[in-house]
Amino acid sequence: MKRKWICILAGLGILAALTGCGAAGERTQGAMQLIQSLDYQGALEQLDLAEENGENTRLVNRARGIACMGLTDYAQAEAYFEEALGGSNGLVQNVDFDLNYYLAAAYTKNGRYSEAEGIYDAVLALRPNEKDAYFLRGNVRLAQGNYETAKADFDKAADMDPRNYDRLIEIYQVLDYYGHGEDGQDYLRAALEAGDKEMDKYASGRIYYYLGEYQNAYLDLEEAREKGGVESYLYLGRAYEATGDYNYAVNVYNSYLEKNEGNAELYNQLGLCEMTRGEYRKALEAFQAGMQLENTTMMQTLAFNEIVAYEHLGEYTQAYLLMGNYLNTYPDDEQARREYEFLSTR
């Protein structure tokens with residue numbers, strides 16, 4: 001079947017009107033709430049009812065695509081986003097840009113980097129000041145091995161928003177992932193050398209952390225944690241872990257949990273730190289505490305680490321049973337499948 005959708009493409013003629021596409025209906029809004037609570041299957045069921053009730057088809061398919069992304073069914077997500085784009089009336093609307101970003105994300109998750117790059121090209125042809133599009137295009141260009149063009153995109157994104165330290169750190173992280181960590185650190189050093197008086201200790205502490213200057217990192221982050229916030233505690237603990245002070249790192253994580261509601265990422269980091277200390281029972285308790293939290297996006301990571309903790313405790317039967325359940329939920333995890341075969345021999 002020939003795919004039919006209106007994608008934002010350079011050279012098709014720029015239409016001046018940028019309008020919305022109508023409000024989402026009640027069931028569509030309800031589905032989006034279910035998506036926020038990670039109930040993707042429930043959201044899809046709600047969206048079927050929304051379609052039956054005649055709610056906005058484009059927004060229904062947009063929400064379906066987002067739900068499928070949550071279910072890691074990227075091919076089906078692509079189809080829904082493409083169908084939503086195909087419902088355009090010929091005027092480029094704000095929702096078209098939104099849908100193209102989602103479609104590019106689905107392409108990226110599905111390894112279709114060239115198609116994703118084409119979408120970002122088109123977005124930038126219409127909106128040349130889209131900072132996110134430069135950053136995201138740099139990601140997919142780097143994934144294709146096109147370092148020079150990716151670096152140009154990262155340079156553009158950094159130049160357009162030099163005080164966005166979160167983005168500079170993201171640029172470092174993706175460059176580091178693809179083996180260009182030293183080049184990524186250049187962005188971080190430039191931010192420190194700029195002498196921005198508005199840079200707070202949380203920002204500088206994280207930058208020092210990624211530069212490997214862990215003492216400077218934890219000194220700044222010690223000040224930052226007084227302002228609260230789980231991220232400050234996470235980075236502070238990781239900085240101490242990087243220096244080998246796992247005992248103090250555990251204290252940092254527990255000090256947050258004693259005063260605040262649980263956080264899945266922090267429980268996971270605490271569990272990993274306990275594993276490094278050889279405290280496998282405490283690690284298991286941390287992973288399981290994180291799994292008890294509602295609406296966590298860390299469930300897959302926590303579930304896998306729970307199994308690893310059981311392995312270290314020598315409880316191979318329990319680990320084997322849990323791994324079987326894990327693979328039913330996350331069948332594409334090849335590392336887990338290899339681990340499952342290993343556990344079957346224990």
Side-chain angles (χ1 to χ4, degrees), residues 1-9 17-112 115-116 118-120 122-123 132 136 264 291-304 324-333 336:
M1 181 183 296
K2 182 179 180 181
R3 292 181 175 178
K4 181 181 179 182
W5 72 94
I6 298 175
C7 195
I8 303 172
L9 294 174
L18 286 173
T19 61
C21 81
E26 182 178 351
R27 291 190 181 277
T28 304
Q29 292 180 29
M32 292 304 296
Q33 292 175 356
L34 290 172
I35 288 171
Q36 290 178 353
S37 66
L38 311 184
D39 184 2
Y40 304 118
Q41 198 60 53
L44 288 172
E45 294 169 3
Q46 190 72 208
L47 290 164
D48 287 342
L49 296 175
E51 184 176 48
E52 291 175 9
N53 288 350
E55 294 188 14
N56 188 302
T57 303
R58 300 193 77 195
L59 296 183
V60 167
N61 283 323
R62 172 185 179 274
R64 282 170 166 159
I66 296 171
C68 287
M69 290 281 284
L71 291 169
T72 70
D73 188 352
Y74 303 120
Q76 186 61 63
E78 290 173 13
Y80 281 130
F81 294 138
E82 290 164 358
E83 188 171 351
L85 282 164
S88 170
N89 62 5
L91 296 176
V92 181
Q93 304 173 350
N94 286 329
V95 71
D96 291 299
F97 287 94
D98 173 84
L99 285 165
N100 272 274
Y101 273 113
Y102 274 117
L103 178 57
Y107 282 155
T108 301
K109 288 288 189 180
N110 222 12
R112 298 176 64 182
E115 289 94 331
I119 288 180
Y120 296 129
V123 168
D132 288 340
L136 293 167
M291 294 170 68
Q292 295 302 312
L293 300 176
E294 295 182 359
N295 303 337
T296 175
T297 58
M298 293 284 294
M299 187 59 72
Q300 181 175 1
T301 299
L302 289 162
F304 185 86
N325 293 333
Y326 175 95
L327 285 169
N328 286 334
T329 307
Y330 310 107
D332 296 332
D333 191 332

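Counting from 1, the numbers follow the sequence of the chain as shown. Excluded from the calculations below are hydrogen atoms, water molecules and symmetry mates; all remaining heavy atoms, backbone and side chain alike, are included.
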Are any non-hydrogen side-chain atoms of [X] and [Y] less than 4.5 angstrom apart?
X	Y	answer
Met69	Tyr40	no
Leu34	Leu44	no
Gln300	Asp333	yes
Tyr101	Asp132	yes
Ile66	Met32	yes
Tyr80	Cys68	yes
Leu59	Arg62	yes
Tyr330	Met299	yes

**Message:** Set out, in order, the CA-CA distance, both residues' side-chain angles and the distance that settles side chain to side chain contact (heavy atoms under 4.5 Å, CB included) for Asp48 and Arg64, then state yes or no.
**Reply:** CA-CA 9 Å; Asp48 287 342; Arg64 282 170 166 159; 2.9 Å; yes
**Asked** Does a salt bridge link Asp96 with Arg58, judged by any charged N lying under 4.0 Å from a carboxylate O?
**Response**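 Counted as a salt bridge, because a side-chain N and a carboxylate O are separated by less than 4.0 Å.
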**Under-4.0 Å salt bridge between Arg112 and Glu78** =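 Result for this pair is yes, salt bridge flagged.
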Locate the shortest heavy-atom distance separating [X] from [Y]; write the atom from each residue and the value.
X	Y	result
Tyr326	Ala336	CE2-CB, 3.4 Å
Tyr120	Ala105	OH-N, 4.2 Å
Ala104	Ile119	N-CD1, 3.8 Å
Ala77	Gly65	CB-O, 3.4 Å
Ile35	Ala43	CG1-CB, 3.6 Å
Asn61	Ala84	CB-CB, 3.9 Å

**Request:** Could you check whether the rings of Phe81 and Tyr102 sit parallel, tilted or perpendicular, using 30° and 60° as the cut-offs?
**Result:** parallel
**Request:** Give a yes or no on whether the backbone of Thr28 and the side-chain of Glu55 come within a donor-acceptor separation of less than 3.5 Å.
**Result:** yes
**Prompt:** With no hydrogens and no angle check, is any side-chain donor or acceptor of Thr296 less than 3.5 Å from a backbone partner on Leu293?
**Reply:** no
What distance separates [X] [atom1] from [Y] [atom2], expressed to the nearest 0.5 Å?
X	Y	atom1	atom2	result
Glu294	Ser37	CD	OG	9.0 Å
Gln93	Leu99	CD	CG	9.5 Å
Gln46	Gln33	CD	CD	9.5 Å

**Request:** Take Glu52 and Arg27 through the salt bridge (Lys or Arg N to Asp or Glu O under 4.0 Å) test and state the conclusion after the steps.
**Result:** CA-CA 10 Å; Glu52 291 175 9; Arg27 291 190 181 277; over 6 Å; no
